[in-house]
Amino acid sequence: MLVRRGTEALCKPLSPEDCGAQSMPDASPVKWHLAHTSWFFETFVLGQRPTYRPFHETYGYLFNSYYDALGARLARPERGLLTRPSLADVLSYRSHVTERMFALLTETPDAWVRRSAVIDLIELGLQHEQQHQELIVTDLKHLFGSNPTRPVYRVWPNEAPSQETALEFVTFDAGVREVGHSGAQFAFDNEQPRHRVFVEPYALANRLVTNGEFLEFIRDGGYSRPDLWLSDGFRTAAERHWRAPLYWYERPDRGVEPCFEIYTLSGMTPIRAEDPVCHVSYYEADAYARWFGARLPTEMEWEAAAEELPIEGNLLESGRLHPRATAPHHVRLRQMFGDVWEWTASAYGPYPGYVPFEGAMGEYNGKFMCNQMVLRGGSCATPREHIRASYRNFFPPDARWQFSGVRLARST
Ligand SMILES: [Fe+2]
């Protein structure tokens with residue numbers, strides 16, 4: 001119930017028009033997210049009961065995301081065409097599914113409901129909905145950020161200037177480490193099984209790369225130096241006219257050197273040099289690291305360093321949907337959780353002995369293990385209960401609309 005209400009609370013500041021629009025094929029309308037997360041419970045839990053009748057006969061086609069085992073579906077780029085069902089209809093659908101799920105769990109908890117496989121599906125449905133909470137924020141930011149009026153989603157209070165932390169590298173010894181999820185708590189199939197890896201000696205930056213540091217890269221001609229870039233990245237940056245991270249806008253009053261303002265969900269703001277740089281692609285993160293004389297960490301290096309750290313930071317519950325410099329100061333490695341997803345140098349693939357979830361759920365993660373890079377640590381839009389050290393996010397290397405940033409690493 002809390003998770004379902006949390007999704008709806010994210011939509012409170014929005015108009016029906018806000019909820020229906022789609023800004024690009026990779027992003028979905030808020031209304032579609034609201035319906036799809038309900039479809040998930042309806043299809044994989046409620047629909048397994050012989051007495052259940054679907055809320056609407058077309059919703060299975062409209063709100064299936066990518067499950068080929070379930071048949072045909074609306075193409076993703078066409079989700080913004082759904083002026084019908086209306087937002088009110090979709091909210092009715094949500095209420096129906098929530099009530100039926102609640103009844104299933106509280107009024108008739110028969111033997112079928114108590115099966116561990118069903119409980120696991122319900123847990124997966126809640127974790128899935130939390131993933132879509134983050135996507136609602138990132139997709140909405142892309143929609144609003146594409147709007148010339150730069151709408152304000154939520155005003156967050158003025159904050160005291162945050163303190164800049166000197167960049168240092170924290171060293172780690174070589175050795176055999178265990179990575180991957182263990183224990184009884186929920187984890188996705190792609191985090192398992194736990195297994196051993198060998199890491200050479202390495203060092204991680206004690207904090208994220210900042211806006212001020214990335215601005216130095218820009219002013220040094222970073223975007224036009226082919227020696228810094230992967231071939232795919234240099235071509236992509238040129239074709240798309242990238243000159244700065246997404247949502248950075250050059251100020252018209254600029255002098256010789258480029259100056260920028262940035263769009264946040266709180267509106268346009270001056271760049272704060274000490275805040276983490278955000279909305280960069282893997283290509284830009286990689287080029288920046290090379291310019292600096294460092295590299296991106298592997299996901300194994302990241303996880304081995306993060307495993308003992310408390311899960312705290314600037315996450316969704318902070319209400320500030322933007323990364324910031326302040327972070328717990330009692331740890332050697334700051335901002336490992338929250339603020340921005342950290343690009344790693346690791347391609348997204350299966351762990352040794354990987355077994356996908358059973359049935360249609362096997363399509364949840366496994367079929368995307370190609371042409372994507374792993375990101376770690378969660379962002380300012382990630383629910384606190386959703387992130388952990390073993391969590392593997394993944395996006396194509398040209399993706400920039402997620403809250404994605406950079407932590408540097410070095411071999412020592
Ligand atoms: Fe989904």
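This is a predicted model, so every value here is computed, not measured. Ligands are counted one by one from 1 in listed order, and the atoms in each one are counted from 1 as well.
Residues passing the ring-ring contact (aromatic ring centres under 6.0 Å, His included) test with Phe217, sequence neighbours excluded: Phe214, Tyr223, Tyr288, Trp291. Under the salt bridge (charged side-chain N to carboxylate O under 4.0 Å, His left out) criterion, Asp89 pairs with no residue at all, not counting sequence neighbours. For Arg79, there are no salt bridge (charged side-chain N to carboxylate O under 4.0 Å, His left out) partners two or more places apart in sequence or in a different chain.
Around the Fe ion (ligand 1), the protein contributes the following N, O or S atoms under 2.8 Å, ordered by chain and number: His36 NE2, His128 NE2, His132 NE2.
Seen from the ring of Phe172, Arg332 counts as a face-on cation partner, given the 6.0 Å and 45° thresholds.
Note: Phe188 and Phe186 meet the aromatic proximity criterion, with ring centroids under 6.0 Å apart.
Side chain to side chain, Gln402 and Ser404 fail the donor-acceptor criterion of an N or O pair below 3.5 Å.
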